[in-house]
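Data block below; observations after.
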Amino acid sequence: MIREIEELFKRQARAWPQLAKGVEGLARAKTRPVRIDWFDIFIRHIPHRMGSTTAPVDRESVAKRSCFLCAGNLPSEEEGLQFDEDFTIYCNPFPIVDRHLTIAHREHGLQRIANQFGNMLDIAAALAGYFVIYNGPECGASAPDHMHFQAGSRGLFPIEKDSAGLTGVTVPKYGRNVFLLRGRDRSALIHRMDRAIDLLAETTGKRAEPLVNIAVFHERGEWVAYLFPRGKHRPQVFHTGELTVSPASIDLCGIFVVPLERHFEKITGDAIAAIFREITLPDGQFQEVAGKLESER
Ligand SMILES: [Zn+2]
C-alpha cells in the first residue's frame, strides 16, 4: 500500500497542478518550535491552509456548496487509490505534513465516528509510518457532510514521542486534555473507544456525537490512539480576528497551523497553551471520564 501511495503522489504531482502547488507550498512552509512546560509545539506557517482554517462549516453554508469529497465532483486530474470497498485514498492538495492524504467514503453521508473506528484502525495498520486522523463534524472537519479520515507521514508527529512509554489513560500535564488508548487487540480497542465516546456523550450531553478529534497510528503490532475531547470548536481569538487559527487533530498532536505570516511571527507558546485549554474539555469533566475509563481497564 505504501508503495502504491508513493506512486500515486508521483503521478498526481505531474498530472494535477493544484497538488504540485500544495506540495511546493509545504516545502516552503516555515516551522518554528516553541517549548511549553516539558513538551514542544511546532508552529507551522502554511498560507495555503487559509481556506480550511476559515471554512464556514455551519449547516447552511455546507448545504450551499457542492461536496468536494464526492467522487462525481472531483477535479478531472484527481486520481484515487481504492483502500477497500468503502474508502478511497486521495492526495490532499492542501498539505500540513508530508504525504498528507484524504481518505473518503464512497457515499455522501455524515461525518460520524460510530462504527467507523475499526476502519480507522485498519487504515492505520496498512499505512506504516503514517498517522490517521478523524476530525468531528463540529470540530475541524471541513466536510462535515461526507465521512472521511486524513492521514500523513509521522516524520513530524510530536505526540508520539511525548507519549512514548506511558501506560495510563491520559497524557498527564500535557496542556491539552487527551485520552490515550493503546493495544494490540482490535476489538478490545474499538470497545474502549466506543466506551470513551459514550462517556463523553453522557458527560457533555452531546448525544449524537460528543465533540472529538482522534489520531491513531500503528507500530510493531500495537495501535496507539489519542482521543481529544473538545469543549468548543474555535477559540475566541479566531472570532475576534486576533489569531486566525482553528485547531483540529493535527494541531492537537503538536503541529500548530498558522496560515497568516504576521500571526505566525507573533504567536507565543502561552497563547497556544491558552487556546488548547479553551478548546479541549474542561478538567472537571475530563477527570470524571478518565476516572471511569481507568477503573474499567
Ligand atoms: Zn460528498
Using a strict threshold of under 4.0 Å (side-chain N to carboxylate O), is an ion pair present between [Y] and [X]?
X: Arg32; Y: Glu265; result: no
X: Lys206; Y: Glu209; result: no
X: Glu7; Y: Arg3; result: yes
X: Lys30; Y: Glu261; result: yes
X: Asp40; Y: Lys161; result: no

Could you check Asp251 against Val245 for side-chain contact (heavy atoms from CB on, under 4.5 Å), going step by step and ending with a plain yes or no? CA-CA 10 Å; Asp251 309 79; Val245 296; over 6 Å; no

Without swapping roles, check the side chain of [X] against the backbone of [Y] for a donor-acceptor pair under 3.5 Å.
X: Arg49; Y: Phe94; answer: yes
X: His45; Y: Pro259; answer: yes
X: Trp223; Y: Leu121; answer: yes
X: Asn135; Y: Ser142; answer: no
X: Gln12; Y: Glu79; answer: yes
X: Asn73; Y: Cys67; answer: yes
X: Ser249; Y: Tyr134; answer: yes
X: Arg106; Y: Thr88; answer: no
X: Arg230; Y: Glu138; answer: no
X: Arg35; Y: Trp38; answer: yes

Picking from Phe286, Tyr174, Phe228, what satisfies ring-ring contact (aromatic ring centres under 6.0 Å, His included) with Phe179? Phe286

Test ring-ring contact (aromatic ring centres under 6.0 Å, His included) applied to Phe157 and Phe131, Tyr130, Phe42, the passing residue: Phe131

Quick one: does Asp84's side chain get under 4.5 Å of Asp122's, heavy atoms only? no

Counting only heavy atoms not in Asn115, do more than 12 fall under 6.0 Å of its CG? no

I would like to know whether Glu242 and Lys266 meet side-chain contact (heavy atoms from CB on, under 4.5 Å); could you show each step before the answer? CA-CA 10 Å; Glu242 198 181 322; Lys266 80 169 181 186; 4.3 Å; yes

Separation between CG of Leu293 and CD of Glu288, rounded to the nearest 0.5 Å: 11.0 Å

From His263 atom NE2 to Thr244 atom OG1, the distance as rounded to the nearest 0.5 Å: 5.0 Å

Verify side-chain contact (heavy atoms from CB on, under 4.5 Å) between Leu200 and Val212, making sure each step is shown before the conclusion. CA-CA 9 Å; Leu200 288 171; Val212 294; 4.0 Å; yes

Would you call the rings of Phe87 and Phe149 parallel, tilted or perpendicular, taking 30° and 60° as the class edges? tilted

With salt bridge (Lys or Arg N to Asp or Glu O under 4.0 Å) as the test, would you mind laying out the steps for Arg192 and Glu296 before giving the verdict? CA-CA 9 Å; Arg192 287 179 59 213; Glu296 289 172 10; over 6 Å; no

